[in-house]
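Have a look at the structure below before the remarks.
Keep in mind it's a predicted model, so treat the numbers as computed, not measured. We use all heavy atoms of the structure for the numbers below, so side chains are in, but hydrogens, waters and symmetry mates are not. Each ligand, and each atom within it, is numbered from 1 in the order the structure gives.
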Amino acid sequence: MTRAVSIFGATGSIGQNTLDLIRRDPTGYRVVALTGGRNIRQLASDAREFGAEIAVTCYEDCLPALREALAGSGVAVAAGQEALIEAADRPADWTMSAIVGAAGLAPGFHGLRHGRSLALANKESLVTAGPLLMAEARAHGARILPVDSEHSAVFQALVGEDMDAVERVIITASGGALRDWPLERLSQATLADACAHPNWDMGQRITIDSASMFNKALELIETKEFFGISPEKIDTVIHPQSIVHALVGFSDGALMAHLGAPDMRHAIGYALHWPERRALPVERVDLAKLATLEFRAPDTERFPALRLARDVMATGGGAGAVFNAAKEIALDHFIAGDIRFTEMAPLVEDTLDAMSREIRLTDAMDSLETVLMTDHLARVRASELAQARQEQSA
Ligand code: NDP
């Protein structure tokens, strides 16, 4: 049976890995929508190759280039936020949510409204609006399938299990590019240093988030929201080899681990073929060759993002939206060279403090609009605080 699929964030790392799997089964899929940002060349080339119904760039100023690149192809083109939402409203059997950042929230939400499967790579959706998103899925009979490798691993370890028997969930972290740097040198880390991930080949933003462990902080919150597991049962360990992605501990003491090569096509393929398991073109793990798998507790002085994630989970409500927005602004400023690597976490913490004096962070986010407004306010506050930091250090 041919399945209709849409990919949001098609030009990115997850989007391209998804297309790689779809390309291997030319009669299995019909591509509805492909979306991207500024990488028009890739978007147009994929839209032509897969005969997409529509190609959308989120940037209005990129529309002329996209129109020109797809002239005569029969692929419809559109641009802007509304166009993204309209693309998400087009019926598809399976939608990949792989836009980076909170920008992925609204298209994912709309994708759920047609009772389809939403493969969720965009972890920011669960961090900013977890309870809302899960309720929306239930209301529309839609299925959310986790694509983050750790959450896909937990999802797989839980097949056939009773959630009441789950004692703990452990998600692993590679520790990122700066894992073994002396603590006192971290403030000197450059963009290039933070982008040199030891195991995974990912987009730039998530690679830097891995180095700061903000990625793992988001994933702790994502675990709580997706699986409904209380924070004290969720833990993370540093595992430099990135072979074990997560472990689930049960009340009888058993610990079920999920192992696989660090290749996102594992988790994408599982979500694509779920509930079946199909062959995937990924490297097989050779345990004898690996010889050693190491695990160690993360140092929260080195990774303050983990402590902040615990505070956010305890607060609930709008704290996740503020945390994520402030993290995105801090990351923008680090990428721009305005603040140091070690200034990102204090900026996020200061934004959480400032916002907690302005709004009641514990209040539940009761609509998508409330989430987007909280996200906006937090961005404004984080930008002001970043500016103040820069002025102080000038
Ligand atoms: P990339 O940066 O590689 O790709 C992001 C995609 O989103 C691109 O298609 C980009 O377009 C598009 N995009 C960027 N900004 C916007 C915007 N404001 N509105 C709409 N589209 C936009 O990211 P990744 O593929 O690495 O990550 C995507 C998501 O998946 C993130 O949430 C990440 O945390 C998550 N994830 C990623 C993993 C990985 O291995 N990469 C692993 C697990 C989760 P363009 O490039 O054309 O400008």
Side-chain angles (χ1 to χ4, degrees), residues 6-20 33-47 55-62 65-66 69 78-85 87-88 96-108 110 118-128 145-153 171-174 176 195 197 199-210 212 214-219 221-223 226 242 245-246 260-268 270-271 282 324-325 327-328 331-332 335 372 375 379:
S6 285
I7 302 170
F8 288 76
T11 51
S13 164
I14 293 286
Q16 290 294 299
N17 276 306
T18 308
L19 286 172
D20 176 72
L34 294 181
T35 86
R38 299 221 171 269
N39 193 347
I40 297 302
R41 188 196 287 244
Q42 188 68 54
L43 181 59
S45 136
D46 291 336
V56 183
T57 163
C58 62
Y59 300 112
E60 310 260 2
D61 59 317
C62 291
L66 183 62
Q81 292 308 311
E82 278 188 23
L84 278 180
I85 302 297
M96 167 56 82
S97 167
I99 288 174
V100 65
L105 177 61
H110 280 259
L118 183 75
L120 192 64
N122 178 270
K123 59 192 82 189
E124 296 87 347
S125 294
L126 282 168
V127 172
T128 57
L145 299 161
V147 172
D148 234 337
S149 56
E150 297 77 1
H151 304 79
S152 173
I171 57 172
T172 61
S174 68
C195 283
H197 199 286
N199 306 331
W200 292 95
D201 179 15
M202 310 185 284
Q204 185 195 50
R205 296 182 73 87
I206 186 174
T207 303
I208 303 167
D209 282 349
S210 291
S212 63
F214 266 110
N215 181 48
K216 211 48 55 183
L218 296 177
E219 288 176 9
I221 304 169
E222 192 185 358
T223 306
F226 186 80
S242 298
H245 302 306
D263 183 331
M264 280 312 293
R265 292 175 303 175
H266 262 300
I268 297 169
Y270 189 78
V282 296
N324 180 68
K327 191 279 298 177
E328 289 192 25
L331 184 56
D332 289 343
I335 291 172
L372 295 176
D375 172 88
R379 280 170 201 270

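Listed by number with element, the atoms of ligand 1 under 4.0 angstrom from any heavy atom of Ala121 are 30 (O), 32 (O), 35 (C), 36 (N), 44 (C). Within the listing of ligand 1, atoms 39 (C), 40 (O), 41 (N) sit less than 4.0 angstrom from a heavy atom of Met202. Near Gly203, meaning under 4.0 Å from any of its heavy atoms, are these atoms of ligand 1: 3 (O), 26 (O), 41 (N). Residue Met264 approaches ligand 1 through these ligand atoms, each under 4.0 Å from one of its heavy atoms: 40 (O), 42 (C), 43 (C). Taking every heavy atom of Asn122 and a limit of under 4.0 angstrom, the matching atoms of ligand 1 come to 32 (O). Shown in contact with Gly9 at under 4.0 Å from a heavy atom are these atoms of ligand 1, numbered in order with element: 6 (C), 7 (O), 9 (O).
At the top of the distance list for atom 17 (C) of ligand 1, counting protein heavy atoms only, stands Cys58 SG, 3.5 Å. For atom 36 (N) of ligand 1, the nearest protein heavy atom (residue, atom name, distance) is Ile206 CD1, 3.6 Å. For atom 34 (O) of ligand 1, the closest heavy atom belonging to the protein is Lys123 CE, 3.2 Å. The shortest contact between atom 15 (N) of ligand 1 and any protein heavy atom is with Tyr59 OH, 3.9 Å. Nearest protein neighbour of atom 13 (N) of ligand 1, counting heavy atoms only, is Ile99 CG2, 4.3 Å. The nearest protein atom to atom 27 (O) of ligand 1, hydrogens excluded, is given as Ile14 CG1, 4.2 Å; this is a heavy-atom distance. For atom 46 (O) of ligand 1, the closest non-hydrogen atom on the protein side is Thr11 OG1, 3.5 Å. Scanning the protein for heavy atoms near atom 43 (C) of ligand 1, the closest one is Asp148 OD1, 2.8 Å.
Across the listed options Asn17, Ile268, Val100, Val100 owns the non-hydrogen atom lying nearest to atom 7 (O) of ligand 1. Proximity annotation for atom 6 (C) of ligand 1: of Gly104, Gly15, Ala98, Ala98 comes nearest, heavy atoms only. With atom 18 (N) of ligand 1 as the reference point, the heavy atom nearest to it among Cys62, Ala103, Ala10 is part of Ala103. Across Ser13, Gly37, Pro262, heavy-atom proximity to atom 12 (C) of ligand 1 is greatest for Gly37.
Side-chain rings of Trp200 and His245 approach one another, their centers coming within less than 6.0 Å.
In the model, Ser242 has a side-chain atom that pairs as donor or acceptor with a side-chain atom of Asn199 under 3.5 Å. Side-chain contact annotation: Lys123 with Asn324, donor-acceptor N/O pair under 3.5 Å absent.
Contacts with ligand 1 closer than 4.0 Å are made by side-chain heavy atoms of Glu124 only, the backbone lying farther away.
Put simply, the side chain of Thr223 does not reach to within 4.5 Å of the side chain of Glu150, judged on heavy atoms. Contact of the Pro146 side chain with the Glu222 side chain is not registered, since no non-hydrogen atoms from C-beta on lie closer than 4.5 Å. Using a 4.5 Å heavy-atom cutoff, the side chains of Arg205 and Asp332 are in contact. With a 4.5 Å cut-off on side-chain heavy atoms, Thr35 and Ile99 count as touching.
One distance of note links CD1 of Ile14 with CE of Met96; it measures 6.0 Å at 0.5 Å rounding. Rounded to the nearest 0.5 Å, atoms NZ (Lys216) and CD (Glu219) are 3.5 Å apart. Here the OG-CG distance, from Ser6 to Leu118, works out to 10.5 Å after rounding to the nearest 0.5 Å. Here the CZ atom belonging to Arg38 is positioned 12.5 Å from the CG atom belonging to Leu66, to the nearest 0.5 angstrom. Note that the CG atom of Asp375 and the OG1 atom of Thr128 stand 7.0 Å from one another [nearest 0.5 Å].
Considering backbone and side-chain atoms alike, Arg38 places an N or O below 3.5 Å from some N or O of ligand 1. In terms of polar-atom proximity, defined here as any N/O pair under 3.5 Å, Ser149 makes no such contact with ligand 1.
Heavy atoms from other residues, nucleotides or ligands lying under 6.0 Å from CG of Asp201 number 12 at most.
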